[in-house]
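The analysis underlying the following values was restricted to heavy atoms, covering all of them including side chains, and did not include hydrogens, waters or symmetry mates.
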Amino acid sequence: MVAYSLSENTLSVPMKLFAKNRLRLCDVLAPKVSRKAFILLQGGIDTYRGFSSDSANNFRQESNFHWCFGALEPDLFGAIHVKTSTAILFVPELHPDYAIWDGQVHSREHFKHKYEVDEVVYTHELSEYFKNHGADQLLLLRGLNSDSDRYTDPANFEGISEFKTELTLLYGAISELRVFKTPEEIEVIRYANKISSEAHRAVMQSMRPGLHEYQLESLFQHHVYSKGGARHVCYTCIAASGPNAAILHYGHAGEPNSRKIQDGDMCMFDMGAEYYCYCSDISCSFPANGKFSPHQAHIYNAVLKANRAVLQTAKPGVLWTEMHLLAERVLLTELKALQLVTGDVEEMLSARIGALFMPHGLGHFLGIDTHDVHGYPPEGPPRPKEAGLKSLRTARELKCGMVLTIEPGCYFISSLLTEAFLDESKTKFLNREKIRGFMGFGGVRIEDNVVVTDGGCELLTDVPRTVDEIEAEMAKSDLKVDL
């Protein structure tokens with residue numbers, strides 16, 4: 001069996017995963033196209049920093065191309081004859097000098113065996129290949145990603161104008177198939193969760209006041225790569241402490257995980273490893289000193305109850321919007337018990353009070369992209385318009401094979417709450433003095449990855465979640481690293 005693995009200690013991913021994906025795609029498209037129609041995808045290209053010729057960015061394959069072929073190298077094309085599922089990989093014919101600077105120039109037979117495709121052809125022979133095989137239709141990838149609001153770029157090569165191209169079928173077909181993971185894909189996501197969960201445990205054990213946030217970020221990255229073979233993380237690590245935990249996507253270039261962690265801080269670390277282009281997305285919240293204060297425990301447990309309520313309720317047939325509202329309902333009930341909000345919980349839901357404390361959506365599809373595709377297909381359901389709900393990255397009905405995150409949170413975001421204090425329709429539900437006592441607290445997010453099954457959903461993430469479990473984990477030293 002031909003498989004990808006970075007070493008004998010990392011997961012082996014069989015090439016049949018991609019062969020199965022190609023077959024699924026052809027089964028969907030075959031009734032809609034001619035007998036000589038080909039799917040054509042263009043892989044990612046090498047990019048460089050600015051105008052530098054020697055600072056190449058760490059290449060990562062284009063997601064749809066990876067889903068079909070699993071090929072690691074840049075500058076490739078891939079074609080699939082729809083009626084027969086014949087897979088053709090087009091590779092550059094490299095100059096002999098490549099061997100001097102970048103390594104062995106591999107034969108076409110090498111790539112044929114490595115990726116278990118039917119044929120390998122040089123990229124400069126694309127036009128000739130399609131002419132020789134009588135291609136009367138090239139299905140190209142053109143469509144709007146509902147999450148990023150960006151269009152995909154269809155494949156392009158010299159001579160493509162000589163062929164009839166089709167731009168409406170492929171994107172919807174491949175995106176809908178990516179929503180439903182095969183058992184082979186779920187195993188890779190499970191492995192990404194495994195190594196990310198271990199890395200989060202290492203971070204918890206190594207945490208201490210006085211460290212800087214970036215040091216824990218670097219520990220996570222080191223662990224998932226050195227122990228798990230994950231060369232990439234799925235997104236910029238969020239290693240937030242204290243008030244920074246109220247910044248939902250902290251960690252970017254302008255806020256580069258640079259704060260010195262203080263005794264008494266609540267930390268919120270949102271970090272996930274990517275293995276062979278398949279993602280994990282895990283958030284852990286914990287006290288910097290290893291012991292929850294009463295305030296920290298109250299807010300943490302409120303979010304944990306919301307997380308577990310969704311985990312226990314999510315199943316096929318349930319709308320994701322209803323799961324978001326369930327999380328809000330549990331969270332508001334707990335905040336009411338803490339006297340941070342007051343009034344009828346259902347009225348608070350209607351007034352969108354939950355969005356003041358959880359302005360993001362409950363979760364999103366997860367797969368080859370962190371925010372995976374087709375959350376809002378053209379046929380609906382449409383994106384909600386209400387505060388909080390409009391941030392959901394899907395509003396679809398849950399079905400078996402979907403992989404999602406469950407990530408309720410509670411944040412004390414000054415700009416949101418200060419504005420709400422001035423809004424008569426909202427301030428009547430808010431205990432200003434109590435809430436002001438939490439300004440600077442930051443926030444809590446508890447994010448797990450799940451796969452929807454016949455009976456509900458399976459939890460893929462394995463990290464300490466209760467207050468007692470977290471405190472016990474932070475007292476351990478088996479994964480501790482002195483920073």
Side-chain angles (χ1 to χ4, degrees), residues 18 21-47 59-71 73-83 85-92 117 121 123-124 126-127 129-131 133-180 277 364-365 367-383 393-394 396:
F18 307 102
N21 284 345
R22 294 193 295 268
L23 185 60
R24 294 167 67 205
L25 183 58
C26 290
D27 285 346
V28 170
L29 292 173
K32 304 174 183 178
V33 300
S34 69
R35 292 193 61 80
K36 293 189 176 182
F38 285 81
I39 296 162
L40 179 63
L41 294 169
Q42 185 169 0
I45 61 173
D46 256 335
T47 58
F59 178 74
R60 192 268 196 190
Q61 188 58 265
E62 193 277 327
S63 295
N64 293 293
F65 194 88
H66 183 83
W67 186 86
C68 281
F69 294 99
E73 296 82 2
D75 306 317
L76 306 179
F77 287 79
I80 310 167
H81 181 230
V82 179
K83 293 296 183 179
S85 303
T86 299
I88 311 99
L89 195 63
F90 295 87
V91 302
V117 293
V121 181
T123 51
H124 68 262
L126 269 158
S127 183
Y129 180 89
F130 289 129
K131 287 178 181 177
H133 287 78
D136 58 9
Q137 194 177 40
L138 299 182
L139 308 181
L140 306 182
L141 192 73
R142 176 67 173 173
L144 179 66
N145 184 314
S146 63
D147 190 86
S148 66
D149 205 30
R150 297 175 182 172
Y151 281 93
T152 56
D153 293 322
N156 190 28
F157 63 91
E158 188 175 347
I160 195 172
S161 60
E162 300 178 45
F163 300 90
K164 180 183 177 182
T165 57
E166 207 291 326
L167 296 170
T168 65
L169 291 175
L170 182 56
Y171 182 79
I174 198 170
S175 296
E176 184 65 6
L177 288 170
R178 282 180 55 187
V179 171
F180 301 96
C277 290
H364 51 81
F365 288 145
I368 293 181
D369 291 317
T370 309
H371 295 156
D372 218 13
V373 293
H374 232 41
Y376 291 100
E379 62 272 19
R383 183 184 293 273
R393 299 181 186 275
T394 187
R396 293 179 62 164

Next on the checklist: Can you give me the closest heavy-atom contact between His66 and Ile368, atom names plus distance?
Outcome noted: CD2-CD1, 4.0 Å

Checklist entry - Can any side-chain N or O of Gln61 pair as donor or acceptor with the backbone N or O of Glu73 at less than 3.5 Å? => result yes

Checklist entry - Mind checking whether Phe365 and Arg396 have side chains closer than 4.5 Å, heavy atoms only? => result yes

Next on the checklist: Using side-chain heavy atoms (C-beta onward) and a distance below 4.5 Å, is His81 in contact with His133?
Outcome noted: no

Next on the checklist: Does the plane of the ring in His374 sit parallel, tilted or perpendicular to the ring in Tyr171? Use 30° and 60° as the thresholds.
Outcome noted: perpendicular

Checklist entry - Which heavy atom in Leu76 sits nearest to a heavy atom in Pro92, and how many Å separate them? => result CD2-CD, 3.7 Å

Checklist entry - Of all heavy-atom pairs between Pro154 and Leu167, which one has the smallest distance, and what is that distance? => result CB-CD2, 4.0 Å

Checklist entry - Going by heavy atoms in the side chains, are Glu62 and Thr152 under 4.5 Å from each other? => result no

Next on the checklist: So does Cys277 get a backbone contact from the side chain of Arg60, meaning a donor-acceptor N/O pair under 3.5 Å?
Outcome noted: yes

Checklist entry - Between Glu166 (side chain) and Thr168 (backbone), is there a donor-acceptor pair under 3.5 Å? => result yes

Item to check | Rounded distance (nearest 0.5 Å) linking atom CG of Leu169 with atom CD of Gln137 | outcome: 7.0 Å

Checklist entry - Is the number of heavy atoms from other residues, nucleotides or ligands under 6.0 Å of Glu158 CD greater than 12? => result no

Item to check | Heavy-atom side-chain contact between Asp149 and Leu144 under 4.5 Å | outcome: yes

Checklist entry - Do Asn21 and Leu177 come close enough that some side-chain heavy atom pair is under 4.5 Å? => result no

Next on the checklist: Can you classify the ring geometry of Phe157 versus Phe163 as parallel (below 30°), tilted (30 to 60°) or perpendicular (above 60°)?
Outcome noted: tilted

Item to check | Cys26 side chain near Ile80 side chain, heavy-atom distance below 4.5 Å | outcome: yes

Checklist entry - Looking only at heavy atoms, which two atoms of Ala87 and Phe69 are closest? And how far apart? => result CB-CE2, 4.2 Å

Item to check | Shortest non-hydrogen contact from Leu23 toward Ser85 | outcome: CD1-OG, 3.4 Å

Item to check | Plane angle bin for Phe90 and Phe130 - parallel if under 30°, tilted between 30 and 60°, otherwise perpendicular | outcome: tilted

Item to check | Qualifying salt bridge (charged side-chain N to carboxylate O under 4.0 Å, His left out) pairs with a residue from residues 22-43, counting only residues at least two apart or across chains | outcome: Arg24-Glu185

Checklist outcome for this item: Between Ser146 and Tyr376 the two heavy atoms that sit nearest each other are OG-N, 3.2 Å

Item to check | pair Leu170-Leu25: side-chain heavy atoms closer than 4.5 Å | outcome: yes

Checklist entry - With a 4.5 Å limit on heavy-atom distance, are the side chains of Thr394 and Val179 in contact? => result no

Item to check | Backbone of His371 reached by a side-chain donor or acceptor of Asp369 within 3.5 Å | outcome: no

